[in-house]
Amino acid sequence: MKAPGVVILIFGFIVLGGGIIGYTTARSMASLIAGGTFGLLLLVSGLGVLRGNDMGFLIAPLLTGLLTAFFGYRLVQSGEFMSSGLMTALGLVTLILYFTLRR
């Protein structure tokens, strides 16, 4: 049951890194706060999944789904692949891997 937790941890690091990159390139404090918050929450929930904690199994896909929906909405609004399209694709891949590896 370790693979779903590892997938969430990797996605959490990507989200955290994306928030930091958004801040350094565009001076976007919103990117830093949102990326930092969601990234850390994903890391904590990924650790919960690794430990078999029921809350980790609930929160990890919920946060991933929320981020995927948000970036999907931004992709439709802007039509630009970077960064909203990339994050939408990564979120979908993360959800697919999470649920297929969990079985």
Side-chain angles (χ1 to χ4, degrees):
M1 203 52 124
K2 291 187 187 284
V6 171
V7 168
I8 296 298
L9 285 174
I10 291 169
F11 188 61
F13 281 119
I14 290 171
V15 170
L16 184 61
I20 293 169
I21 290 170
Y23 177 73
T24 57
T25 58
R27 296 287 177 220
S28 172
M29 188 60 76
S31 290
L32 182 63
I33 293 170
T37 302
F38 273 93
L40 290 175
L41 288 173
L42 282 165
L43 291 174
V44 169
S45 64
L47 289 174
V49 170
L50 285 175
R51 293 182 178 160
N53 187 333
D54 290 338
M55 287 302 287
F57 284 106
L58 176 68
I59 292 173
L62 178 67
L63 290 174
T64 305
L66 284 172
L67 280 174
T68 304
F70 172 75
F71 282 110
Y73 173 77
R74 287 196 48 199
L75 174 63
V76 170
Q77 294 296 324
S78 69
E80 297 178 8
F81 183 76
M82 288 304 286
S83 66
S84 55
L86 179 63
M87 288 303 293
T88 302
L90 288 173
L92 287 172
V93 168
T94 300
L95 285 172
I96 290 167
L97 286 174
Y98 176 80
F99 285 113
T100 54
L101 295 173
R102 190 167 169 216
R103 293 176 191 249

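Using a 4.5 Å heavy-atom cutoff, the side chains of Phe11 and Thr64 are in contact.
Ile96 and Leu86 fall into different hydrophobic clusters, where Ile, Leu, Val, Met, Phe, Trp and Tyr are joined by side-chain heavy atoms under 4.5 Å apart, directly or via other members. By the rule that hydrophobic residues join a cluster once side-chain heavy atoms approach within less than 4.5 Å of another member, Val7 and Leu92 end up as members of separate clusters. Under the 4.5 Å side-chain heavy-atom criterion for Ile, Leu, Val, Met, Phe, Trp and Tyr, Ile8 and Leu62 are members of distinct hydrophobic clusters. Linking Ile, Leu, Val, Met, Phe, Trp and Tyr whenever their side-chain heavy atoms come within less than 4.5 Å leaves Leu66 and Leu90 in two separate clusters. Under the 4.5 Å side-chain heavy-atom criterion for ILVMFWY residues, a single connected hydrophobic cluster contains both Val6 and Met55.
Note: Leu75 CG to Ser83 OG = 10.0 Å, rounded to the nearest 0.5 Å. Here CD of Gln77 is found 14.0 Å from CZ of Phe71. Values are rounded to the nearest 0.5 Å.
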Can Leu63 and Val15 be said to form a side chain to side chain contact (heavy atoms under 4.5 Å, CB included), step by step?
CA-CA 11 Å; Leu63 290 174; Val15 170; over 6 Å; no
Could you walk me through whether Thr88 and Arg74 satisfy the side chain to side chain contact (heavy atoms under 4.5 Å, CB included) test, starting with their C-alpha distance in whole Å, then the side-chain angles of each, then the deciding distance to 0.1 Å, before giving a yes or no?
CA-CA 9 Å; Thr88 302; Arg74 287 196 48 199; over 6 Å; no
For Val44 and Leu47: C-alpha separation, side-chain torsions, deciding distance, then whether side chain to side chain contact (heavy atoms under 4.5 Å, CB included) applies.
CA-CA 5 Å; Val44 169; Leu47 289 174; 5.7 Å; no
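Contact detail for Leu50 and Lys2: the closest heavy-atom pair is CD2-O, 3.3 Å. Here the closest heavy-atom approach between residue Ser84 and residue Ser78 is recorded as OG-OG, 3.8 Å.
Panel note: side chain Tyr98, backbone Phe57; a donor-acceptor pair is recorded below 3.5 Å.
Checked options Ile21, Ile20, Leu16; the residue passing with Leu32 is Ile20 (criterion: side chain to side chain contact (heavy atoms under 4.5 Å, CB included)). For the side chain to side chain contact (heavy atoms under 4.5 Å, CB included) with Leu97, the lone residue among Leu101, Leu95, Thr94 that qualifies is Leu101.
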